[in-house]
There are 2 protein chains.
Amino acid sequence: MTNENKLTLAGLAKLASVSTSTASRALNDNPLIKKETRERLQALAKEHNFSLNRAASRLRTKKTNVIAVILNLTDSTDQSISDPFLLKVVGDLNQVLNKNGYELLLSNSLMASEDWANYFISSSRADGIIVIGQGKSTSNIEQVAASGAPLVVWGDPNASSSYAVVGSNNELGSYLAAKHLIEGQCKNILFLGDPEHAEMNERHKGYRRALIEHNLNTSSELTLSCDITSKAAYDTISSVILDKGLFFDGIVATSDMVALGALKALKERYIGIPNDVSIVGFDDIAMAELFHPSLTTIKQNTKLASQVMVEQLIKQLEGQKATSVVIDVELITRRSSRSN
Amino acid sequence: MTNENKLTLAGLAKLASVSTSTASRALNDNPLIKKETRERLQALAKEHNFSLNRAASRLRTKKTNVIAVILNLTDSTDQSISDPFLLKVVGDLNQVLNKNGYELLLSNSLMASEDWANYFISSSRADGIIVIGQGKSTSNIEQVAASGAPLVVWGDPNASSSYAVVGSNNELGSYLAAKHLIEGQCKNILFLGDPEHAEMNERHKGYRRALIEHNLNTSSELTLSCDITSKAAYDTISSVILDKGLFFDGIVATSDMVALGALKALKERYIGIPNDVSIVGFDDIAMAELFHPSLTTIKQNTKLASQVMVEQLIKQLEGQKATSVVIDVELITRRSSRSN
DNA sequence: TTGAAAGCGATACCAC
DNA sequence: GTGGTATCGCTTTCAA
């Protein structure tokens with residue numbers, strides 16, 4: 001197999017005694033070619049383990065059928081790249097892209113050059129870009145948008161932006177979370193997360209809306225800013241309890257990882273969950289129900305979201321305009337919060 | 001930016017009043033070209049947002065600088081693709097590949113055609129293949145190996161195989177796990193996992209070795225076969241307790257997800273961990289220490305493993321022969337098992 | 001140190 | 001329905 005020269009389309013055509021044009025069309029299942037001929041060539045290709053050279057066809061057609069997916073990590077290398085939620089999205093995107101005939105080129109913001117449009121699109125490495133996460137700064141993303149490259153971002157769809165953003169209804173999600181805690185008789189509800197981050201800021205708004213609606217304390221000492229990792233959440237909760245004691249009876253966390261970090265800190269102090277403190281997470285990662293108590297959370301529908309992202313991207317690839325789309329969230333009630 | 005025709009190397013060369021040859025060499029930082037000229041052209045390229053067309057250069061050089069990473073899922077679509085351990089490996093590989101100038105094309109066995117070598121290599125989509133997981137059948141992998149394509153597999157490195165396998169010392173891992181339980185006075189130790197799966201089978205061997213060394217019961221009813229998901233583990237443990245009561249006091253699980261599923265089933269029945277039953281997992285996923293009790297486990301060094309996999313792959317890309325490599329494992333003692 | 005030109009392997013326009 | 005051929009944009013040998 002490695003001794004002779006690799007078979008090319010021209011070679012295959014010769015074997016079949018047709019022209020390369022015909023061979024090309026046949027392998028691409030072009031209906032211009034007689035069905036019989038098509039099938040004959042496809043069989044021959046299979047027999048000889050022949051595959052069209054993508055580099056060549058990409059050069060000629062100026063289409064790669066590749067989508068670059070960029071994990072837009074905030075800063076801390078290790079923590080966020082292993083966030084199960086982000087990786088779940090990558091997995092789902094992979095499925096959907098493949099189903100639509102695209103391949104997934106994986107990157108992350110720590111690696112790729114600064115100028116994404118240039119690096120991926122102009123260089124014809126990919127036809128379009130999906131960015132997962134807006135992070136704290138969106139300048140990279142705006143640059144891509146300005147270049148006119150097909151682009152979809154997973155993030156906060158309510159932010160007015162020059163590009164299509166697909167994301168959960170974050171405000172509503174945390175509103176539902178807070179409301180659920182209030183209905184469970186929580187009076188002093190903490191918000192745990194990083195309000196500087198676009199999506200998290202929306203979640204903070206929803207949390208405040210619920211509290212205000214129910215005339216609860218929204219004092220700023222109830223908003224605890226911390227990184228979106230379980231470690232940071234654990235540390236934050238641990239130290240705040242040490243400082244001020246247990247001055248809260250509910251937590252609205254900005255992610256499941258954050259919720260789980262908080263949960264651990266509380267349990268270590270023998271604080272009862274959900275009776276002393278109720279907790280609601282955000283994401284509904286696979287592990288949420290494995291914990292004890294299982295985690296009440298706001299489910300983000302990553303499967304649907306991936307579908308929508310790919311749809312919106314394909315629209316742009318076809319020259320249409322894409323729009324931002326809000327994905328519904330859902331409260332999943334489990335045992336880390338009091339029901340009713 | 002979209003109005004005029006896209007700039008090509010020839011165009012850039014004209015702008016700089018040099019030949020395309022010179023321009024090409026300059027942008028590739030070829031020392032043949034005077035340093036001054038090189039810098040001038042690189043600056044010009046940046047100024048005009050110019051990037052070399054990869055499709056063209058790949059066609060010409062017959063090198064893509066892309067590595068296909070294939071998640072070799074067993075069967076169940078949803079469960080395994082979200083296994084945090086596998087995705088962690090993908091993330092780590094991404095980092096290492098990028099550092100070495102390669103890009104990562106993500107695929108999974110459910111999607112890609114049957115004939116991986118053909119699909120990825122002959123078609124010049126990628127220069128090499130990394131397969132994550134041997135699954136139950138290795139015929140796909142062997143086909144790639146037979147084709148002579150650069151290939152590295154994450155799996156059981158002890159299996160004699162025609163290709164390079166990088167993987168943890170699975171046998172030793174579960175041996176350590178079982179030994180640790182025995183030292184904690186466990187007498188009836190369950191093995192929970194799927195011994196048909198290559199790596200899991202090694203783990204089963206290690207488990208048995210430890211038991212035999214200590215004259216413990218190795219009867220087959222102590223080996224519980226179940227899928228490598230937390231759900232399956234939960235169901236398996238639940239039903240076995242229902243059937244036979246609590247006839248064991250230790251569990252060697254084949255993965256953290258499995259361990260956590262078992263943990264949940266036991267806690268729901270108010271079985272004390274680690275006093276009634278001690279548990280050891282395998283992997284050391286990020287969440288292992290968040291659980292209550294935190295999970296004792298066998299750590300797989302994915303970072304090192306990724307480095308080694310890429311190294312071995314690059315060797316092959318350079319025409320050298322690669323070898324299988326065993327990665328050390330480490331017992332991480334936490335609270336789900338009795339110490340000492 | 002630089003330039004001219006051939007050619008990588010497909011596709012698609014135009015002819016028949 | 002099928003075939004001839006120019007062409008996509010770059011790299012690299014050979015010549016200067």
Side-chain angles (χ1 to χ4, degrees), chain A residues 4-42 44-45 48-66 118-127, chain B residues 4-42 44-45 48-66 118-127:
Chain A
E4 48 176 319
N5 271 332
K6 226 193 131 310
L7 194 57
T8 78
L9 181 60
L12 192 78
K14 197 162 289 171
L15 282 177
S17 316
V18 295
S19 69
T20 53
S21 326
T22 302
S24 171
R25 293 188 183 111
L27 295 187
N28 286 307
D29 226 27
N30 186 326
L32 244 74
I33 301 296
K34 208 197 308 178
K35 193 166 182 213
E36 197 182 50
T37 319
R38 262 185 282 162
E39 284 168 354
R40 186 162 61 89
L41 271 135
Q42 287 169 12
L44 198 68
H48 288 270
N49 275 328
F50 173 79
S51 274
L52 286 169
N53 183 319
R54 286 301 143 186
S57 53
R58 283 172 185 167
L59 173 56
R60 185 60 234 243
T61 60
K62 294 166 184 283
K63 201 170 187 296
T64 64
N65 283 295
V66 169
N118 214 5
Y119 183 80
F120 290 109
I121 309 298
S122 308
S123 72
S124 110
R125 270 175 242 260
D127 297 334
Chain B
E4 49 176 319
N5 272 334
K6 222 190 135 310
L7 194 58
T8 76
L9 180 61
L12 191 78
K14 197 162 290 170
L15 282 176
S17 315
V18 295
S19 70
T20 53
S21 327
T22 302
S24 169
R25 293 188 182 108
L27 295 187
N28 287 307
D29 225 26
N30 186 327
L32 244 71
I33 301 296
K34 209 195 309 177
K35 193 166 182 212
E36 196 181 52
T37 319
R38 262 185 283 161
E39 283 168 354
R40 186 161 60 89
L41 270 135
Q42 287 169 14
L44 198 67
H48 288 269
N49 273 327
F50 173 80
S51 273
L52 285 170
N53 183 320
R54 284 303 143 184
S57 53
R58 284 171 185 168
L59 173 58
R60 184 61 234 243
T61 60
K62 293 165 184 284
K63 201 169 185 300
T64 64
N65 283 295
V66 170
N118 213 4
Y119 183 79
F120 290 110
I121 309 298
S122 307
S123 72
S124 107
R125 271 174 241 260
D127 297 334

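Numbers restart at 1 for each chain; the letters A, B, ... are given by sequence-line order, proteins then strands.
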| said: Any side-chain to backbone donor/acceptor pair from B:Arg38 onto B:Ile33? Under 3.5 Å, distance only. | reply: yes
| task | Locate the shortest heavy-atom distance separating B:Phe50 from B:Leu27; write the atom from each residue and the value. | result | CE2-CD1, 3.5 Å
| Short side-chain N/O contact to C:dT11 OP1/OP2 from A:Asn28, under 4.0 Å | yes
| task | Could you pick out which residue, B:Ala23 or A:Asn53, lies toward the 5' side of DNA chain C when each is mapped onto its nearest nucleotide? | result | B:Ala23
| query | Do any side-chain nitrogens or oxygens of B:Thr8 fall under 4.0 Å of OP1 or OP2 in D:dG9? | reply | no
| note | Here the distance between atom C1' of D:dA16 and atom CG of B:Leu32, to the nearest Å, is 14 Å
| task | In whole angstrom, give the distance that lies between atom NZ of A:Lys63 and atom P of C:dT11. | result | 13 Å
| message | What is the separation between atom CG on A:Leu9 and atom C1' on D:dG4, rounded to the nearest whole Å? | response | 14 Å
| request: Starting at atom CG of A:Leu27, determine the distance to atom P of C:dA10, rounded to an integer number of angstrom. | output: 9 Å
| field | Interatomic distance where CZ belongs to A:Arg60 and P belongs to D:dG9 [whole Å] | value | 10 Å
| field | Whole angstrom value for the distance that separates C1' of D:dG9 from CZ of B:Arg54 | value | 12 Å
| Do any N or O atoms from the side chain of A:Arg40 and from the backbone of A:Ala16 form a donor-acceptor pair under 3.5 angstrom? | yes
| message | Counting only side-chain nitrogens and oxygens, does B:Thr37 get under 4.0 Å of the OP1 or OP2 atom of C:dT2? | response | yes
| message | Regarding B:Ser24, tell me which of base, sugar-phosphate or nothing describes its non-hydrogen contacts under 4.0 Å with the strands shown. | response | base
| query | Between B:Asn30 (CG) and D:dT13 (P), how many Å, whole number? | reply | 11 Å
| task | To the nearest 0.5 angstrom, please state how far the CD1 atom of A:Ile121 sits from the NZ atom of B:Lys6. | result | 11.0 Å
| query | Is any side-chain nitrogen or oxygen of B:Lys62 closer than 4.0 Å to OP1 or OP2 of C:dG9? | reply | yes
| query | What is the minimum heavy-atom distance between B:Asp29 and B:Gln42, and which atoms define it? | reply | OD1-NE2, 2.8 Å
Short heteroatom pairs, N/O only, protein and nucleotides 13-15 of chain C, under 3.5 Å:
| from | atom 1 | to | atom 2 | distance (Å) |
| --- | --- | --- | --- | --- |
| C:dC13 | N4 | A:Arg25 | NH2 | 2.6 |

| said: Would the distance check show the side chain of B:Asn30 and the main-chain N or O of B:Leu32 forming a donor-acceptor pair, the cut-off being under 3.5 Å? | reply: yes
| message | Heavy atoms only, 4.0 Å cut-off, all strands: where does B:Ser124 land among base, sugar-phosphate and nothing? | response | nothing
| query | Is the shortest heavy-atom distance from the side chain of A:Arg125 to the side chain of A:Arg58 under 4.5 Å? | reply | no
| remark: Closest to the side chain of B:Thr22, out of C:dT2, D:dC10, C:dA10, is C:dT2
| query | In terms of side-chain heavy atoms of A:Ser19, which of C:dG3, D:dT11, D:dG4 is nearest? | reply | D:dG4
| Sugar-phosphate only, base, or nothing, as touched by A:Thr20 at under 4.0 Å among non-hydrogen atoms | base
| field | Sugar-phosphate, base or nothing in reach of A:Leu52, heavy atoms under 4.0 Å | value | sugar-phosphate
| More than 12 heavy atoms of other residues, nucleotides or ligands under 6.0 Å from NZ of A:Lys14: is that the case? | no
| request: Starting at atom CG of B:Leu59, determine the distance to atom C1' of D:dT7, rounded to an integer number of angstrom. | output: 12 Å
